[in-house]
Amino acid sequence: MTIQILPEILIAQIAAGEVVERPASVIKELLENALDAEATSIHVAVKGGGRGLIRISDNGSGIRADEAEVAFVRHATSKLRTVEDLERIMTLGFRGEALSSIAAVSQLNITTRHRDETTGTQLRIEGGVVVHRQAVGAPAGTVISVENLFYNTPARLKFLKAESTEKRHITHLLTRYAMAYPQVRFTLEQDGREMLRTSGSGELADVVVQVLGLESFKQMLPVEVQSLEVPKVTVWGYTSEPSLYRADRNQISLFVNGRWVSDSKLSYAVVQAYHGVLREARYPVTVLMVALPPNEVDVNVHPTKAEVRFRDANAVFATVQRGVRTAIISAGGRVESSPIHADADYNKGGWGREQIRQPEMGLIVEDDGRLPQSYRKDYPETETAIPEGIGRPVRPRTLPLLRVVGQVGATYIIAEGPAGLYLIDQHAAHHRVLYEALLEGDFDVMALETPQAVDLAPKQAKLLEKHLTTFTDCGFDIALFGTNTFQIRAIPQMLSRAELRDVLRVIVEDFGQRDAVEAVRLRVSQYGAAKSGQVLNQEDMQGIIRRLERAREPLKDPFDRPTLLHMTGDQLARQFGR
Ligand code: ADP
Ligand code: MG
């Protein structure tokens with residue numbers, strides 16, 4: 001044969017082999033793209049273990065109409081410009097290989113609309129060739145449907161494993177990403193069956209419960225640790241008590257700067273931390289997030305980006321190991337003294353054991369149990385700093401992690417915590433949470449589409465006028481409109497369902513009795529809070545509880561009334577004469 005340069009399509013097919021090995025790798029790449037596009041909701045539907053159909057819908061940025069085709073060209077990326085960028089990469093993708101590879105070995109439809117544009121684009125690509133294009137109406141975001149994967153690469157098709165194996169890989173993959181991005185709502189459907197649904201609450205704990213189940217989660221210990229020296233390495237997550245283990249390492253999930261990695265040395269660091277605690281050939285269930293400055297880690301080791309290289313591997317391993325070890329030791333303190341029988345000590349589940357572990361816990365956790373909320377992708381100016389939001393908790397925890405069980409009388413929320421039962425007054429708790437949000441300026445403002453006019457009695461109107469700036473400070477946009485009439489143009493979001501006239505009147509009446517700002521905060525949060533007698537769905541309740549867990553004063557509402565009643569496992573047992 002003479003020497004010839006291969007046609008572009010064939011090059012793409014060959015290259016595709018590196019990136020897309022199996023259906024799960026297609027899904028991984030498309031998931032990463034959706035996450036890079038800052039989607040907050042990602043839906044994955046799969047048929048036949050991915051061979052029939054893979055469809056991923058996201059509500060991310062979308063692709064501009066004039067860039068839709070170029071996105072499928074090899075080495076086309078919006079995430080990297082210079083080689084220096086590699087040093088500070090905070091996106092999951094950067095090689096510009098995924099879309100072209102997937103398109104080369106499948107038949108694919110994409111519908112995408114960029115959030116700044118009014119019309120979307122639809123493309124049909126078969127074996128890497130665009131066969132159809134049209135402008136369409138579509139919600140902002142991207143939907144990619146991959147059909148007949150590997151239809152034109154019979155060799156690859158032959159090597160695919162049984163459908164059930166591929167299905168398992170896909171579910172495993174989705175659950176890992178769901179854990180790495182608790183702030184994103186994920187759903188996975190396989191052959192019409194829902195396999196995973198996460199709430200997007202932002203709490204790793206919530207996803208771990210959704211993925212592992214509550215029973216397992218009860219046997220998980222929080223890990224949170226920072227390196228003692230530079231480089232700054234932060235590690236957080238959960239690792240199992242010795243009572244919960246597996247026969248292989250598949251349940252040790254590690255994420256580095258939001259990237260799911262398979263690093264055998266890192267997982268060995270975890271396994272080693274269980275030395276003397278878990279018997280041989282037993283492995284923990286572990287979910288750990290590792291955050292470190294991007295220039296400390298090389299992610300460009302392999303096309304699938306599942307491997308990473310650390311500049312200072314020892315620092316990372318040592319921090320991981322110390323974090324896990326500390327969690328195990330502080331859980332019982334007994335693990336080291338009686339390693340062989342450790343399992344027996346931990347066999348009993350439930351609240352009783354938690355009581356032993358933290359005898360003085362009561363309501364307030366001494367250790368603030370801080371867990372970082374989420375990754376933020378913006379990269380800071382200084383190269384050595386860990387990006388804002390990574391490894392830094394939003395607020396310290398003041399209550400233990402509570403799981404919402406249900407609502408009673410449309411007034412109280414029942415929750416279960418490590419130390420027993422909690423009965424929470426939904427209005428009082430929500431009032432507290434919103435009050436602190438106002439106090440800290442951590443709330444949303446909503447512009448009213450049609451400004452609302454409110455008139456007040458002359459005396460009240462005077463007072464309101466005098467304190468207009470106080471209202472402005474709390475998110476209002478109010479202007480005097482006529483005699484005793486005001487025009488409201490913006491309000492704190494929390495008041496979106498409140499009767500504004502009532503709120504303003506009550507606030508103004510309060511002005512005589514307390515400090516003006518205090519009156520505004522107190523009443524706005526009160527009127528914004530869920531009412532007693534209001535039916536709440538699971539998500540609403542979860543939302544209130546999650547924020548209460550990090551309130552400064554979670555036990556009292558702003559009027560100093562209790563927000564919750566607590567019964568320990570012991571108290572309950574006593575009541576039942578057990
Ligand atoms: P990479 O992710 O390495 O940049 P890809 O081939 O995966 O390469 O994607 C190419 C480009 O297409 C991305 O850089 C991005 O600009 C765009 N893109 C791909 N998927 C999406 C998506 N779901 N939403 C928005 N843009 C996307
Ligand atoms: Mg990509």
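Both ligands and their constituent atoms are indexed starting at 1 by order of listing.
- Between Asp191 and Glu163, the closest side-chain pair of non-hydrogen atoms falls below 4.5 Å.
- By the 4.5 Å heavy-atom criterion applied to side chains, Tyr245 and Gln251 are not counted as neighbours.
- Side-chain contact between Ser216 and Leu244 is present, with at least one heavy-atom pair separated by less than 4.5 Å.
- For ligand 1 and Ser61, the ligand atoms under 4.0 Å from any heavy atom of the residue are 25 (C).
- With salt bridges taken as basic N to acidic carboxylate O contacts below 4.0 Å, none links Glu549 and Arg547.
- At a 4.0 Å heavy-atom cut-off, ligand 1 does not touch Glu29 at all.
- Taking every non-hydrogen atom of Gly93 and a distance limit under 4.0 Å, the qualifying atoms of ligand 1 come out as 2 (O), 3 (O).
- Between Leu35 and Ile42, some side-chain heavy-atom pair lies under the 4.5 Å cut-off.
- Listed by atom number, the atoms of ligand 1 under 4.0 Å from Ala71 heavy atoms are 10 (C), 12 (O).
- Close approach of ligand 1 to Gly62 is summarised as follows: ligand atoms under 4.0 Å from at least one heavy atom of the residue are 25 (C).
- Between the side chains of Tyr274 and Thr239, at least one donor N or O sits under 3.5 Å from an acceptor N or O.
- Remark: among candidates Leu35, Asp58, Ile63, Leu31, the nearest residue to atom 23 (N) of ligand 1 is Asp58, based on non-hydrogen atoms.
- Note on ligand 1: Gly60 sits outside its first shell, no heavy atom being nearer than 4.0 Å.
- Residues Thr187 and His43 bring a donor and an acceptor atom of their side chains to less than 3.5 Å of each other.
- Contact annotation for Thr142 and ligand 1: only side-chain heavy atoms (C-beta onward) come within less than 4.0 Å of the ligand.
- Residue contacts to the Mg ion (ligand 2): Asn33 brings an N, O or S atom closer than 2.8 Å.
- In this structure, of Ala37, Ala76, Ala98, Ser100, the residue bringing a heavy atom nearest to atom 10 (C) of ligand 1 is Ala76.
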